[in-house]
Amino acid sequence: DAMVIQNPRYQVTQFGKPVTLSCSQTLNHNVMYWYQQKSSQAPKLLFHYYDKDFNNEADTPDNFQSRRPNTSFCFLDIRSPGLGDAAMYLCATSLGPKEQETQYFGPGTRLLVL
Amino acid sequence: GNSVTQMEGPVTLSEEAFLTINCTYTATGYPSLFWYVQYPGEGLQLLLKATKADDKGSNKGFEATYRKETTSFHLEKGSVQVSDSAVYFCALSGGYNKLIFGAGTRLAVHP
């Protein structure tokens, strides 16, 4: 089945130690998104890629970066995690950028910062 | 700016009860509207969507109608099951397919 895969499901890192979360998709979708979801809150868009074009949300901290080396993979890099970055990180994809397009979500990676 | 407001939870129901979760939105233009469901420890799954006024989305017994005149997209189900217990998010799709979510409503269904 075509799907969105996130690894690992749980990630523990230390305060200030860089961490990378990964997302892959077999849907061959053009757009990939990263959302941050803190406990009992709604997901919040951090940034997205439309093909190779990177689009950052205005309020996404500089501490968060992303890479998309090819269509299938997208990475979220947190350069210096703080305690406030502990959250569930959700990757999503859509075929195109039109607002009618459905976004398909992965299972998420829960990040714990010690 | 665009925003979504949904009723606060938790909503607690007995099995086979009728469910309504209210959702209203503020948006410029004509966004698409979605309901996503999140089971414990999981990502979000699309439940249903509607892309224009008066459209009705439906799936697994859930329904919601895109009401432009009242800027609403209320979720309904005639008879809930224990397996429907989850968090439900109403969302709209703004420019460049950016999803804006409501705060989520937790539903607990008891036997």
Side-chain angles (χ1 to χ4, degrees), chain A residues 1 3-10 21 23 25 27 29-51 53-60 87-112, chain B residues 1-11 21 23 25 27-53 55 57 59 64 66 73 86-108:
Chain A
D1 282 345
M3 56 198 308
V4 181
I5 302 160
Q6 290 188 248
N7 286 309
R9 294 292 306 274
Y10 299 90
L21 309 182
C23 176
Q25 54 127 342
L27 297 160
H29 282 175
N30 296 308
V31 191
M32 296 187 76
Y33 309 81
W34 279 104
Y35 290 84
Q36 179 192 62
Q37 184 182 23
K38 294 189 176 180
S39 182
S40 302
Q41 294 184 21
K44 180 176 175 297
L45 182 64
L46 295 173
F47 28 58
H48 74 273
Y49 272 96
Y50 178 25
D51 289 335
D53 291 335
F54 178 69
N55 298 272
N56 198 33
E57 292 300 299
D59 55 356
T60 298
M88 173 81 91
Y89 290 88
L90 298 166
C91 176
T93 73
S94 67
L95 180 61
K98 293 181 180 179
E99 58 187 34
Q100 304 94 323
E101 301 275 4
T102 298
Q103 291 188 24
Y104 296 88
F105 284 80
T109 294
R110 185 169 296 281
L111 178 68
L112 180 62
Chain B
N2 295 344
S3 66
V4 175
T5 303
Q6 58 182 109
M7 63 187 288
E8 290 188 20
V11 174
I21 300 178
C23 172
Y25 67 91
T28 54
Y30 303 97
S32 294
L33 300 174
F34 303 82
W35 276 101
Y36 280 85
V37 58
Q38 187 174 36
Y39 298 100
E42 300 292 327
L44 278 70
Q45 300 176 25
L46 177 69
L47 185 58
L48 52 85
K49 72 176 188 181
T51 58
K52 60 182 187 296
D55 267 2
N59 185 27
Y66 189 163
F73 193 54
V87 180
Y88 292 81
F89 289 96
C90 183
L92 67 81
S93 180
Y96 227 90
N97 205 15
K98 173 181 176 177
L99 277 178
I100 295 169
F101 290 90
T105 302
R106 183 175 299 279
L107 170 66

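Sequence lines set the chain letters: A, B, ... in the order given, protein chains first and strands last, and positions in each chain run from 1. The analysis underlying the following values was restricted to heavy atoms, covering all of them including side chains, and did not include hydrogens, waters or symmetry mates.
Interface residue Leu44(B): backbone and side-chain heavy atoms are both found under 4.5 Å from chain A. Using a 4.5 Å cut-off between heavy atoms, Gln41(A) contacts chain B through its backbone alone, with no side-chain atom that close. With a threshold of 4.5 angstrom between heavy atoms, Glu57(A) approaches chain B through side-chain atoms but not through N, CA, C or O.
With respect to Ser94(A), the side-chain hydrogen bond (donor to acceptor under 3.5 Å, both in side chains) criterion is satisfied by exactly one of Tyr104(A), Tyr33(A), Tyr50(A): Tyr33(A). The only member of Tyr36(B), Trp35(B), Tyr39(B) that meets side chain to side chain contact (heavy atoms under 4.5 Å, CB included) when paired with Gln45(B) is Tyr39(B).
Looking only at side-chain heavy atoms (C-beta outward), Phe73(B) and Leu92(B) stay at 4.5 Å or farther from each other.
Using cut-offs of 30° and 60° on the angle between ring planes, the pair Tyr49(A) and Phe54(A) is tilted.
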